[in-house]
Amino acid sequence: MTEVKIKDSILQKAATEGMDAFIGAIVQATYDAVGGDLTAETMAMLTSDQITLLAWSILHEEVMDGGYVQLIHNGYGAFIFHNPFAIAMREWGLNDVYTHVKRARRLYEKYHEVIERDYTDDEFMALFEQMPEFDDFDDEFVEMEELWTAQVAEYVDEHIEQFVTITDE
């Protein structure tokens, strides 16, 4: 496994800026440790907890920016729905995230082949109208985002040694 290092000063500053910055600093340190890109090769360099945190970060960013349709269209559907991400969330104590992702998987299975095709911008935007079933999942994620992010941050903070090695300047 690759050792993910973060300077104490960076982590402390991020922690004072809030849970998003705290998670973001650890996510960035993790990407930095594997050369900036998450691939099958670089995932082998990380622990399951580190991969789960990166998956949370991707899920959070994509759904908050453009919903599940965007997440799936951008190629992250299989990573979220065909890996043990939901189970890991349950193991972290985030049972609501587990349930949410498991329920959303049904729509992924139903629509992913259509969503993953190449589209013009207008065609892509039309997908949101064609698949309104995702709206409830997008809305639920947005409504629960602050709580879920706080729970992720709490888990990471309480198990920090499973994610990073804190170094002095």
Side-chain angles (χ1 to χ4, degrees), residues 1-105 108 112 137-169:
M1 294 297 123
T2 297
E3 185 176 29
V4 177
K5 296 180 182 181
I6 190 168
K7 291 182 182 177
D8 186 49
S9 60
I10 291 171
L11 193 57
Q12 293 301 323
K13 181 179 184 296
T16 63
E17 293 173 2
M19 59 193 171
D20 289 318
F22 174 73
I23 292 171
I26 294 171
V27 165
Q28 187 59 55
T30 306
Y31 276 120
D32 290 348
V34 296
D37 200 17
L38 188 63
T39 64
E41 225 175 67
T42 59
M43 280 196 295
M45 301 164 65
L46 300 171
T47 67
S48 60
D49 275 334
Q50 291 166 330
I51 295 166
T52 299
L53 182 61
L54 295 183
W56 165 260
S57 177
I58 290 166
L59 174 70
H60 179 268
E61 182 177 329
E62 293 292 323
V63 174
M64 291 301 290
D65 187 47
Y68 277 97
V69 170
Q70 177 177 303
L71 172 103
I72 296 164
H73 181 72
N74 286 344
Y76 296 114
F79 181 56
I80 298 299
F81 297 113
H82 285 175
N83 284 305
F85 171 72
I87 293 167
M89 289 283 96
R90 184 178 62 197
E91 290 173 359
W92 286 14
L94 282 87
N95 294 324
D96 290 342
V97 175
Y98 166 81
T99 301
H100 175 86
V101 171
K102 293 303 261 186
R103 287 181 15 247
R105 181 181 172 155
Y108 167 75
H112 78 93
F137 289 98
D138 295 344
D139 292 346
E140 181 181 28
F141 193 95
V142 170
E143 289 169 14
M144 300 302 296
E145 180 271 338
E146 190 171 329
L147 172 64
W148 291 346
T149 299
Q151 291 171 334
V152 169
E154 182 179 345
Y155 182 87
V156 171
D157 188 41
E158 290 176 359
H159 302 88
I160 194 75
E161 69 283 349
Q162 293 173 220
F163 296 91
V164 292
T165 299
I166 301 171
T167 63
D168 295 330
E169 300 304 312

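Hydrogens, waters and symmetry mates play no part in the numbers below; they use all other heavy atoms, side chains included.
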**Prompt:** Roughly how far, to the nearest 0.5 Å, is the NE2 atom of His159 from the CD atom of Glu154?
**Reply:** 9.5 Å
**Prompt:** For Arg105 and Phe81, which heavy atoms make the closest approach, and how far apart are they?
**Reply:** NH1-O, 2.8 Å
**Request:** Pick out which of Leu54, Ile58, Leu59 makes a side chain to side chain contact (heavy atoms under 4.5 Å, CB included) with Phe85.
**Result:** Leu59
**Asked** Do Phe141 and His60 pass the side-chain contact (heavy atoms from CB on, under 4.5 Å) test, and can you show the C-alpha distance, the side-chain angles, and the key distance before you say yes or no?
**Response** CA-CA 9 Å; Phe141 193 95; His60 179 268; 4.2 Å; yes
**Asked** Tyr155 and Glu91: side-chain contact (heavy atoms from CB on, under 4.5 Å), yes or no, with the steps?
**Response** CA-CA 10 Å; Tyr155 182 87; Glu91 290 173 359; over 6 Å; no
**Request:** Please round to the nearest 0.5 Å and tell me the distance separating atom CD of Gln70 and atom CG of Asp138.
**Result:** 10.0 Å
**Item:** Approximate separation, where rounding is to 0.5 Å, of Gln151 CD and Thr149 OG1
**Value:** 9.0 Å
**Asked** Atom CD1 of Ile6 and atom OG1 of Thr167: how far apart are they, to the nearest 0.5 Å?
**Response** 8.5 Å
**Message:** Does Glu146, at its CD atom, have more than 12 non-hydrogen atoms belonging to other residues, nucleotides or ligands within less than 6.0 Å?
**Reply:** no
**Fill in**
Nearest heavy-atom approach of Glu161 to Glu158 is OE1-O, 4.4 Å
**Asked** Knowing that exactly one of Leu53, Thr52, Val156, Asp49 qualifies, which makes a side chain to side chain contact (heavy atoms under 4.5 Å, CB included) with Gln162?
**Response** Asp49
**Prompt:** Which atom pair, heavy atoms only, marks the closest approach of Phe22 to Ala153?
**Reply:** CE2-O, 3.6 Å
Which pairs of donor and acceptor atoms, one on a side chain in residues 23-40, lie under 3.5 Å apart (sequence neighbours left out)?
residue, atom, partner, partner atom, Å
Gln28, NE2, Asp32, OD1, 2.7
Thr30, OG1, Ile26, O, 2.7
Thr39, OG1, Glu41, N, 3.3
Thr39, OG1, Thr42, N, 3.1
Thr39, OG1, Thr42, OG1, 3.3

**Spacing of OG1 belonging to Thr165 relative to CG belonging to Asp8, to within rounding of 0.5 Å** = 12.5 Å
**Asked** Within the side chain of Thr99, is there an N or O that forms a donor-acceptor pair under 3.5 Å with the backbone of Asn95?
**Response** yes
**Asked** Using the ring of each side chain (for Trp, its six-membered ring), is His82 parallel, tilted or perpendicular to His112, with breaks at 30° and 60°?
**Response** perpendicular
**Request:** Applying side-chain contact (heavy atoms from CB on, under 4.5 Å), run through His100 and Met144 and close with a yes or a no.
**Result:** CA-CA 10 Å; His100 175 86; Met144 300 302 296; over 6 Å; no
**Prompt:** How about Phe163 and Trp56: are their ring centres within less than 6.0 Å of each other?
**Reply:** no
**Request:** Would you check, one step at a time, whether the test side-chain contact (heavy atoms from CB on, under 4.5 Å) holds for Val97 with Val152?
**Result:** CA-CA 10 Å; Val97 175; Val152 169; over 6 Å; no
**Complete:** One should read off an interatomic distance between Leu71 CG and Tyr76 OH, to the nearest 0.5 angstrom, of 8.5 Å
**Item:** Residue pair Met1 / Thr47: nearest heavy atoms and the distance that separates them
**Value:** SD-N, 3.7 Å
**Least distance between heavy atoms, Phe137 atom then Ala104 atom** = CE2-N, 3.5 Å
